[in-house]
Student: 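Pasting a structure below so you can have a look.
Per chain, numbering begins at 1; letters A, B, ... match sequence-line order. Every heavy atom of this structure was used, including side-chain atoms; hydrogens, water molecules and symmetry mates were not.
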Number of protein chains: 2
Amino acid sequence: MVDVARHAGVSLKTVSRVVNKAPNVQQELVNRVLAAVDELGFRRNQLASALRSGQQTATVGLLIEEIANPFYATIAHVAAEVAAGFDSLLITASSEEDPVREERLLRDLCARRVDGLLVVPAGYDHAFLKSEVEQGIPVVFLDRPAGGLVADTVLLDNRGGARAGVEHLLTQGHRRIGILLDTIGVYTMHERLGGAQDALAAASVPYDAGLVRDGVRDPVTAATAVAEMLDSADPPTAFFALNNRITVGVVQELWRRKSQAAIVGFDDFELSHLMPMPLTLIAYDTRELARQAAELLFARIAKESFWPRTVVLPTQLVQRGLQ
Amino acid sequence: MVDVARHAGVSLKTVSRVVNKAPNVQQELVNRVLAAVDELGFRRNQLASALRSGQQTATVGLLIEEIANPFYATIAHVAAEVAAGFDSLLITASSEEDPVREERLLRDLCARRVDGLLVVPAGYDHAFLKSEVEQGIPVVFLDRPAGGLVADTVLLDNRGGARAGVEHLLTQGHRRIGILLDTIGVYTMHERLGGAQDALAAASVPYDAGLVRDGVRDPVTAATAVAEMLDSADPPTAFFALNNRITVGVVQELWRRKSQAAIVGFDDFELSHLMPMPLTLIAYDTRELARQAAELLFARIAKESFWPRTVVLPTQLVQRGLQ
DNA sequence: CACACTCCATACAACGTTGTCCGTGTGGGT
DNA sequence: ACCCACACGGACAACGTTGTATGGAGTGTG
């Protein structure tokens, strides 16, 4: 800035005024300064600026599990969109479902003095964020609730959606329903399984733990699990897949052996309508999930104070696949 | 830090030494300081740290078109992985194919003093980055080359891949091949179309501009274009889709009308093997593309000096879809 | 001609941290 | 008793920017 001032023949302070679009500067000087800025290729140092003038880094942290997953990619997209509306950029970090990594990344983001945090929790204890929150960094959790911390949260109606999905199978006469899920420890999986159990109980269908498989991490293990269950003595006539990767695996195996078993899956996915068999899916608006969370965060950043909110978004039963 | 020093009964300087893991500090003092850090919830201010000690923000900028697109999501994932290996975080920004937005975002990233930039260009002129590069911010371009700037670049063999794809159709006897592409102005599209023309010319098949449709932005317009071409007087017997969104649209329309036309598509995609008809796809290793670019960038950041490199990665013809 | 007002220069401190230099005390080796 | 390395404190400047304060030149007003 000193160079720019010299080059434009004005004072350092005037350059600062121009760069910050402060009023009370003659148009001619503004032009001279801008010309000098252009000529010297000057860019104001955001670090120094943020350091000096209180705390506005115009940067927001987003912590997700894995950016390659379309669900989180959508969240990142919407969050970036909302952030852009507030002239902010997004630092996206992936915890890979590892609570240790999660804590390290969140601390790092705080050290960078981001204006706020959007977090899809991987761990169960976020008490370590308490001091940061007290020091004024707003945090909004989405998709999963925080542990040991009262904070704004935006969730999906996992339980209600799962219940509706299983009810759909029950009204079609299915009584033996294979249920496939990823890690039971993850909040969403736990809730969805709970919803399925609710539906079974409401219809007085006994809950058979032998029909439930957990640790189904990807399409391949899902296909294997389906094969085993279908080859058992009393096979299921329908499957409930608790996420879209599992749904894909189930489709693959059922199609391979031309099975007529029904499928209900949690999560819609991009090419679901091109799948070779009818699917009933529990869909929801991922964009809306992210939008609400991001806007909540920026409301907090703008110092709007209100009690921590928890928003729960509805799900919807839809029919997909080639008929 | 002053508070921490007081609380631990040591000097400010010693706290700095401990926080920076400098040698020559007694273990007992280290423990006292760390205890005080923990108790007061102190986090070193990265901004101030980076400002003072030269330039190491441990942050890298990634500019892509759109994070919701799985191709870019994969790039973001790998870039973040590599960055994590260097204890860095990623600021991801989406240009949405808008050169104006691109320039604004890149300037913003430079103002934040990122250690380096990974850029998938949207515009054609990146001369404005020259001064930044001279000031020491390394830039690596990927998937598309930069305009008006000599810099490290990692590309795919778009032309060779497209040529191989069309050659595949030609050897199967197809002579009328419908070609569908997105904006011709985009580098990748231009190269792929060029490769297709190369193949046609090599086989002495006349190039019929009536068989080429551009401006095919999504699956729906692709399906419409396919319908129109099939309903024309002399319909194509095969289609070459220049990206995966177009491929999906072609599949949809061909399946709807039970057409036997052949498909070759550029880009593989996640559920391609579950598509209801055989597809020949030009696949490539997106992860490798991103990995090479990211590692090139960090090599530059580590001040390894060598002539700007251009790396071109091969493509591969693969068979997909339910047979 | 005194007065207020605008526009700007100059000077200085501060944001939180780190590099440098110097000074001091301690313990170990000759 | 000597020297020396080591561990630490204290003081200060600096990174690039912005907020505050002060004063001066120029313009317009009564």
Student: Could you say whether Ala48(A) or Ser16(B) is positioned toward the 5' end of DNA chain C, judged by the nucleotide with the nearest heavy atom to each?
Tutor: Ala48(A)

Student: Using whole Å, what does the distance between atom P of nucleotide dT18(D) and atom CG of Asn45(A) come to?
Tutor: 9 Å

Student: So which one's nearest nucleotide on DNA chain D is more toward 5', Val19(A) or Gly9(B)?
Tutor: Gly9(B)

Student: What's the spacing between Arg44(B) CZ and Arg107(A) CZ if we round to 0.5 Å?
Tutor: 14.0 Å

Student: Within the pair Ser53(A) and dT17(D), is there a side-chain N or O less than 4.0 Å away from OP1 or OP2?
Tutor: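 For dT17(D), neither OP1 nor OP2 has a side-chain N or O of Ser53(A) closer than 4.0 Å.
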
Student: In whole angstrom, give the distance that lies between atom CE of Met1(A) and atom P of dT17(D).
Tutor: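 About 6 Å, once rounded to whole Å.
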
Student: Side chain of His126(B), backbone of Gly147(B): donor and acceptor closer than 3.5 Å?
Tutor: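 Present.
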
Student: Between the protein and nucleotides 5-8 of chain C, which nitrogen or oxygen pairs are less than 3.5 angstrom apart?
Tutor:
| from | atom 1 | to | atom 2 | distance (Å) |
| --- | --- | --- | --- | --- |
| dC7(C) | OP2 | Asn24(A) | OD1 | 3.0 |
| dC8(C) | OP1 | Gln26(A) | N | 3.0 |
| dC8(C) | OP2 | Asn24(A) | O | 3.0 |
| dC8(C) | OP2 | Gln26(A) | N | 2.7 |

Student: Do you know which of Glu66(A), Arg101(A), Glu65(A), Glu102(A) makes side chain to side chain donor-acceptor pair (under 3.5 Å) with Ser95(A)?
Tutor: Glu65(A)

Student: Over how many whole Å does the gap from Leu47(A) atom CG to dT18(C) atom P extend?
Tutor: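 Going from CG in Leu47(A) over to P in dT18(C) covers 13 Å.
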
Student: Can you measure from CG (Leu313(B)) to CG (Leu156(B)) and round to the nearest 0.5 angstrom?
Tutor: 6.0 Å

Student: Mind calculating the distance between CG (Leu12(A)) and P (dG19(D)) to the nearest angstrom?
Tutor: 13 Å

Student: Can you tell me how far C1' of dT18(C) sits from NZ of Lys13(B), to the nearest Å?
Tutor: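 Roughly 5 Å, once rounded to whole Å.
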
Student: Please give, in whole Å, the distance from dT18(C) C1' to Lys21(B) NZ?
Tutor: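 To the nearest whole Å, that distance equals 16 Å.
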
Student: Measure from CZ on Arg6(B) to P on dG16(C) and round the result to the nearest Å.
Tutor: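 To the nearest whole Å, that distance equals 13 Å.
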
Student: Hey, does Ile301(B) have a side-chain heavy atom less than 4.5 Å from the side chain of Val60(B)?
Tutor: yes

Student: Quick one: does Arg52(A) reach the base of dT17(D) with a side-chain donor-acceptor pair under 3.5 Å?
Tutor: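 Donor-acceptor pair under 3.5 Å: no.
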
Student: I'd like to know if Glu97(A) pairs up with Arg144(A) as an ion pair, taking the criterion as any Lys NZ or Arg NE/NH1/NH2 lying under 4.0 Å from an Asp or Glu carboxylate oxygen.
Tutor: yes

Student: With the threshold set at 4.0 Å, does a side-chain nitrogen-carboxylate oxygen contact exist between Lys130(A) and Glu134(A)?
Tutor: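 No, no charged N to carboxylate O under 4.0 Å.
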
Student: Without decimals, in angstroms, what is the distance between Arg32(B) CZ and dA7(D) C1'?
Tutor: 13 Å

Student: With a 4.0 Å cutoff (strictly under), does any side-chain N or O of Arg113(B) reach OP1 or OP2 of dC15(D)?
Tutor: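 No, no such contact exists.
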
